[in-house]
Amino acid sequence: QLQLVESGGGLVQPGGSLELSCTASGFTLYGYVIGWFRQAPGKEREGVSCISAYHTNYGNSVKGRFTISRDNARNTVTLQMRDLRPEDTAVYYCVADRRHYSDVCAVKGPDALYDYWGQGTQVTVSS
């Protein structure tokens, strides 16, 4: 079964750090743009970050605090999150786009852009 699987979510205090991972099952992430979205209750889905072959991009709300990276050998994309704030609380999803790997990736594209979606992992920032 072809799917993306997120892991690493949890509860963290404000100012803390978490590392999310996105792993592909049944296919290789090489050749795909991988993006991270998040959605909090009652809010619109927000583009967080993306990584293509040579580019990374970040939403304004996370610039300077989050870092995305990929390890094609491990078939994993990692989102390192630091200085977390209560407003970072959300379900975080990873997505895969196979058509724009060589391009500068868009932090948030239309839903139809993405070939695969993960099920999401909850991140809660609270004291």
Side-chain angles (χ1 to χ4, degrees):
Q1 185 176 2
L2 307 180
Q3 59 181 349
L4 294 173
V5 179
E6 302 96 338
S7 61
L11 173 64
V12 63
Q13 292 186 343
S17 300
L18 276 178
E19 182 175 285
L20 304 184
S21 294
C22 175
T23 302
S25 175
F27 68 102
T28 176
L29 292 182
Y30 177 79
Y32 286 81
V33 172
I34 302 300
W36 285 94
F37 285 79
R38 66 186 182 186
Q39 189 162 21
K43 294 188 176 181
E44 290 189 1
R45 190 162 58 216
E46 177 186 5
V48 175
S49 183
C50 63
I51 184 166
S52 60
Y54 307 110
H55 301 279
T56 59
N57 209 348
Y58 299 91
N60 288 333
S61 63
V62 306
K63 280 182 181 176
R65 300 188 297 123
F66 290 13
T67 303
I68 192 170
S69 61
R70 67 191 306 152
D71 185 339
N72 289 331
R74 293 178 56 235
N75 212 28
T76 299
V77 168
T78 299
L79 184 68
Q80 295 179 313
M81 308 185 295
R82 60 179 179 85
D83 190 23
L84 284 163
R85 305 165 181 170
E87 54 265 38
D88 295 317
T89 296
V91 177
Y92 284 69
Y93 303 88
C94 64
V95 296
D97 158 27
R98 64 186 171 192
R99 285 170 287 273
H100 301 94
Y101 183 65
S102 298
D103 300 339
V104 176
C105 58
V107 172
K108 184 179 180 183
D111 287 0
L113 181 66
Y114 304 108
D115 302 283
Y116 301 102
W117 292 74
Q119 293 298 307
T121 185
Q122 176 71 45
V123 172
T124 303
V125 185
S126 175
S127 55

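For reference, positions follow the sequence shown, starting with 1.
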Hydrophobic cluster (4.5 angstrom, side-chain heavy atoms) - remaining members for Y101
Y30
Given a cutoff of under 4.5 Å between side-chain heavy atoms of I, L, V, M, F, W and Y, with clusters grown through shared members, what are the other residues clustered with L4?
L2, V12, L18, L20, F27, L29, Y32, I34, W36, V48, I51, Y58, V62, F66, I68, V77, L79, M81, L84, Y92, Y116, V123, V125
T76 meets the side-chain contact (heavy atoms from CB on, under 4.5 Å) criterion, sequence neighbours left out, with S21, T23, R74, T78
At what distance, to the nearest 0.5 angstrom, does [atom1] of [X] lie from [atom2] of [Y]?
X	Y	atom1	atom2	value
S127	L11	OG	CG	9.5 Å
Q122	T89	CD	OG1	7.0 Å
R70	N75	CZ	CG	9.0 Å
K43	E87	NZ	CD	7.5 Å
S69	Q80	OG	CD	5.5 Å
D111	R45	CG	CZ	4.0 Å

Just jot down the salt bridge (Lys or Arg N to Asp or Glu O under 4.0 Å) partners of [X], sequence neighbours excluded, or say none.
X	answer
D103	none
E46	R38
R82	none

Do Y114 and Y93 have side-chain heavy atoms sitting under 4.5 Å apart?
no
Taking the side chain as every heavy atom from C-beta outward, state whether S49 and T56 have any atom pair closer than 4.5 Å.
no
Do you know which two heavy atoms are closest between [X] and [Y], and how far apart they sit?
X	Y	value
C50	V33	CB-CG1, 4.4 Å
D83	R65	O-NH1, 2.9 Å
K63	N60	NZ-OD1, 3.3 Å
A40	A90	N-CB, 3.8 Å

Looking at Q119, is its backbone amide N or carbonyl O close enough to the side chain of E6 to form a donor-acceptor pair, meaning the two atoms are under 3.5 Å apart?
yes
Can any side-chain N or O of N57 pair as donor or acceptor with the backbone N or O of C105 at less than 3.5 Å?
yes
Can you tell me if CZ on R99 sees more than 12 non-hydrogen neighbours from other groups inside 6.0 Å?
yes
